[in-house]
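What follows is a set of notes on a single structure, which appears directly below.
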Amino acid sequence: MEAAERNDQVVDEWGTLRALTPGALADMDREALDDLAAEIRRFLVASVARNGGHLGSNLGVVELTLALHRTFCSPEDRIVWDTGHQGYVHKLVTGRAADFGGLRRAGGMSGYPSRSESPHDLVENSHASTALSYAYGMAEAGVLRRDPGRVIAVVGDGALTGGLAYEALNNIGVSGAPVLVVLNDNGRSYAPTVSALTTAGRLDDELCDPKAPAGFFEALGIAYHGPVDGHDVTALERALGEASRHDGPVVLHVHTVKGRGYRFAEADEAKCLHDIGPFDPDTGVALARGGRSYTEAFARAIVAEAEARPELVAITAAMDGPTGLSAFKERYPDRFFDVGIAEQHAVTAAAGMAMAGLRPVVAIYSTFLNRAWDQLYYDVGLHRLPVVFCLDRAGITGDDGPSHHGVTDLALLTKVPGMTVLAPTSYEEVAVMLRWALEWSGGPVAIRWPKTEAPTARATGECLGARRVRSGTDVCLIGVGKLLAACEAAADLLDADGVSASVWDPRSVTPLDPVLLDDASAHRFVLVAEDGVAEGGVGALVSSALLAAVGQASPQVLCAGVPVAFVAHGRPADILGDLELDGAGIARRVLRHLGRETWDRAVLARP
């Protein structure tokens with residue numbers, strides 16, 4: 001179904017939400033607001049069931065969002081969401097109900113705030129713990145420019161566990177910047193929040209001090225109000241009004257329930273349906289998906305390795321389930337460390353553990369490792385510590401858009417002296433590579449894999465040994481990770497047009513296997529396909545290695561990868577096709593290089 005058709009369907013089903021704007025909320029009484037909140041929840045469930053997306057977080061902020069837009073005048077008053085996946089209700093209230101049919105689809109509405117969609121969306125933030133820094137900057141600018149608008153930072157889903165948030169709080173308190181911080185405390189990020197400040201659902205816990213948050217913020221010079229029931233619009237409006245009249249920075253502590261109003265989300269102990277693909281709204285069960293994933297392979301492999309290695313520990317930054325550590329956590333709770341949304345701390349803590357004789361495995365999304373680059377390069381790399389980084393969602397991830405594509409890890413990790421970078425191409429290879437990484441003590445190792453289905457291996461071999469899967473004479477195609485399959489498909493297409501291609505699976509992209517380089521040097525030219533940025537990526541490494549090995553006689557290397565650009569959301573296969581990183585696209589690249597791009601286009605046409 002096309003995006004426009006999906007949008008029409010949403011409008012037909014939920015016409016009363018089509019006219020929803022901040023101004024339309026002003027004249028509603030309590031009964032009308034309660035009815036609207038219930039309708040919004042039904043709409044969210046129906047929309048996310050159709051397209052997938054972030055559900056639990058948005059179900060929990062319905063009343064809070066209504067109260068914010070009734071109390072403040074957006075966009076003159078600046079509302080910044082942290083993280084942005086809580087912004088679906090905000091999008092509804094600001095007139096975008098009709099766009100939900102294309103949620104997270106190519107050309108459709110983003111799953112996060114988007115400045116191109118609406119002036120009400122100020123920050124395109126989908127990485128946590130940033131709103132307080134944005135808000136501090138906006139508030140200080142407002143003072144200098146004599147702008148009377150308020151600045152409101154809505155901080156939730158564990159975002160206050162990140163170090164950047166604490167740095168901003170320190171500045172806000174010291175400077176007296178007029179920032180209203182709405183602490184949306186639902187006690188969770190994906191899993192329960194790793195923080196002594198959260199009191200949601202814990203006020204009956206004898207270990208929970210309800211005065212602790214007030215003391216913490218007031219010590220920083222920030223006034224504290226709350227906690228307030230985050231599902232009572234009247235109480236919220238009263239509290240927001242009082243807090244907004246405070247002269248200086250103030251925190252309003254709000255308790256909400258993640259997944260509120262949808263029983264399957266409230267009953268999901270793992271993540272309250274935080275994020276989910278298309279699902280059956282009558283059961284809350286995800287629709288059938290493909291075969292086994294790389295994440296599943298890792299989940300099984302790390303538990304198996306832990307049985308034989310008591311020194312093995314696992315670290316996550318608030319994402320044990322999505323990164324495959326749930327089974328490890330259950331089996332070895334004393335060897336599992338969730339540090340909250342604190343990637344920098346996770347990496348340096350892993351360095352400390354390695355120095356003290358443990359073998360830490362840091363499981364993290366590729367995109368989130370960007371946040372800990374300094375710690376990886378110096379705290380781990382400089383000391384050549386045997387920390388293993390397991391990078392999920394590497395490459396083009398699809399519907400979460402530019403902030404979640406893991407396209408920089410290859411270019412960055414291959415620049416860390418002593419770092420070994422491995423890219424499995426099958427389910428079985430994940431276990432082989434993890435075992436090798438845990439046995440290697442010469443420095444850090446990174447294993448990166450995509451979000452997509454993991455093929456079954458035809459052969460695994462040795463970790464650092466490249467694998468030739470096809471022999472040819474004209475061009476050598478080197479496919480990194482999931483792009484091996486695209487290179488194999490390209491070789492078939494080229495063969496039909498009389499071009500003979502070798503295909504290699506490098507397995508290790510640094511160091512590169514000399515056997516691969518020796519074979520590549522015998523071809524007319526080489527094409528390296530990678531689902532990371534081409535500039536400074538694996539192709540550049542291959543080119544440099546060939547030049548060093550055979551000098552000016554080395555073949556030309558074509559670097560086929562992702563451009564240096566923010567790639568929009570869409571289906572991964574479609575994005576890779578548009579970037580000419582599928583089989584047909586790689587074949588077209590080869591034919592253009594040969595000056596034969598006018599060959600049989602029917603053969604090379606994308607399906």
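V251 has its side chain out of reach of F216: every pair of non-hydrogen atoms, C-beta onward, lies at least 4.5 Å apart. Two residues are said to be in side-chain contact when any heavy atoms from C-beta on lie closer than 4.5 Å; V154 and L68 meet this criterion. Looking at N184 and L64, their side chains come closer than 4.5 Å, going by heavy atoms from C-beta outward. The side-chain heavy atoms of I364 and R371, taken from C-beta on, include no pair separated by under 4.5 Å. With contacts defined as side-chain heavy-atom distances shorter than 4.5 Å, the pair V80/M138 qualifies. P113 is not listed as a side-chain neighbour of L122, based on a closest heavy-atom distance of 4.5 Å or more. Inter-residue side-chain proximity for P22 and H120 is flagged as met; some heavy-atom pair is nearer than 4.5 Å. Looking at F279 and V45, their side chains come closer than 4.5 Å, going by heavy atoms from C-beta outward.
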The test is side chain to side chain contact (heavy atoms under 4.5 Å, CB included); show your working for L180 and F72 and say whether it passes. CA-CA 11 Å; L180 168 54; F72 300 102; 3.5 Å; yes
Start with the C-alpha distance between H253 and H225, add both sets of side-chain angles, then the distance that settles ring pair (Phe, Tyr, Trp, His ring centres under 6.0 Å), and finish with yes or no. CA-CA 6 Å; H253 191 169; H225 291 206; over 10 Å; no
Pair L66, I40 - check side chain to side chain contact (heavy atoms under 4.5 Å, CB included), show working. CA-CA 11 Å; L66 297 178; I40 287 174; 4.1 Å; yes
Checking V562 against L581 for the side chain to side chain contact (heavy atoms under 4.5 Å, CB included) test, could you report, in this order, the C-alpha distance in whole Å, the side-chain angles of both residues, the deciding distance, and whether it holds? CA-CA 8 Å; V562 179; L581 291 174; 4.2 Å; yes
Go through the steps for E39 and L20 under the test side chain to side chain contact (heavy atoms under 4.5 Å, CB included), then give the verdict. CA-CA 12 Å; E39 184 175 11; L20 193 58; over 6 Å; no
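Atom CG of residue N370 and atom OG1 of residue T408 lie 3.5 Å apart, to the nearest 0.5 angstrom. A distance of 11.0 Å separates OG1 of T71 from CD of E242, quoted to the nearest 0.5 Å. The OG1 atom of T83 sits 7.0 Å away from atom CD1 of I341, with the distance rounded to the nearest 0.5 Å. Once rounded to the nearest 0.5 Å, the distance linking CZ of R448 with CG of D531 reads 4.5 Å. Put simply, CZ on F43 and CG on N58 are 11.0 Å apart, with the number rounded to the nearest 0.5 Å. From Y427, atom OH reaches atom CD of E296 across 6.0 Å, with rounding to the nearest 0.5 Å.
Checked by atom type, the side-chain pair D121/H90 shows a donor-acceptor distance below 3.5 Å. A side-chain donor-acceptor contact under 3.5 Å links H127 and T367. Residues Y365 and H404 have side chains that never bring a donor and an acceptor to within less than 3.5 angstrom of each other.
Scored by the salt bridge (Lys or Arg N to Asp or Glu O under 4.0 Å) test, D392 finds no partners at all (sequence neighbours excluded). Every residue two or more places apart in sequence or in another chain was checked for a salt bridge (Lys or Arg N to Asp or Glu O under 4.0 Å) with E266, and none qualifies. By the salt bridge (Lys or Arg N to Asp or Glu O under 4.0 Å) test, R238 pairs with no residue at all, sequence neighbours left out. Considering only residues two or more places apart in sequence or on other chains, Y262 meets the ring pair (Phe, Tyr, Trp, His ring centres under 6.0 Å) condition with F264. Under the rule for a side chain to side chain donor-acceptor pair (under 3.5 Å), the partners of S114 that lie at least two apart in sequence or sit in another chain are S116.
A perpendicular orientation is assigned to the rings of F100 and Y88, their planes being inclined by more than 60° (bins at 30° and 60°). Note: F328 and F336 have tilted aromatic rings, judged against thresholds of 30 and 60 degrees for the angle between ring planes.
At distances below 3.5 Å, not a single donor-acceptor pair connects side-chain atoms of D185 with backbone N or O atoms of H255. Judged by distance alone, the side chain of D280 and the main-chain N or O of V285 form no donor-acceptor pair under 3.5 Å. Side chain of R78 to main chain of V151: no donor-acceptor pair is present (N/O by atom type, distance under 3.5 Å, no hydrogens or angles). Counting only distance, with no hydrogens or angles, the side chain of N51 and the backbone of G101 share a donor-acceptor pair below 3.5 Å. Under a 3.5 Å cut-off, the side chain of N186 and the backbone N or O of K258 do not form any donor-acceptor pair. Listed for the S244 side chain is a donor-acceptor partner under 3.5 Å among the backbone atoms of G241. The main-chain N or O of M319 is found under 3.5 Å from a side-chain atom of T323 such that the two form a donor-acceptor pair. Listed for the S129 side chain is a donor-acceptor partner under 3.5 Å among the backbone atoms of A159. With hydrogens and angles ignored, the 3.5 Å screen pairs a side-chain donor or acceptor of D77 with a backbone N or O of C73.
The salt bridge (Lys or Arg N to Asp or Glu O under 4.0 Å) pairs that include a residue from residues 108-117 are K91-E117, R96-E117, where partners are two or more places apart or lie in different chains.
Taking the ring centroids of F566 and H405, they lie at or beyond the 6.0 Å cut-off.
When the shell of 6.0 Å around CG of D29 is examined, it contains more than 12 heavy atoms from other residues, nucleotides or ligands. By the 6.0 Å contact criterion, CD on E330 is open, its count of non-hydrogen atoms from other residues, nucleotides or ligands being 12 or less.
Salt bridge status for R70 with E63: absent, with no side-chain N to carboxylate O gap under 4.0 Å. Classification of D574 and R105 as a salt-bridged pair fails, no side-chain N sitting under 4.0 Å from a carboxylate O. Between R30 and D232 a salt bridge is recorded (basic side-chain N to carboxylate O distance below 4.0 Å).
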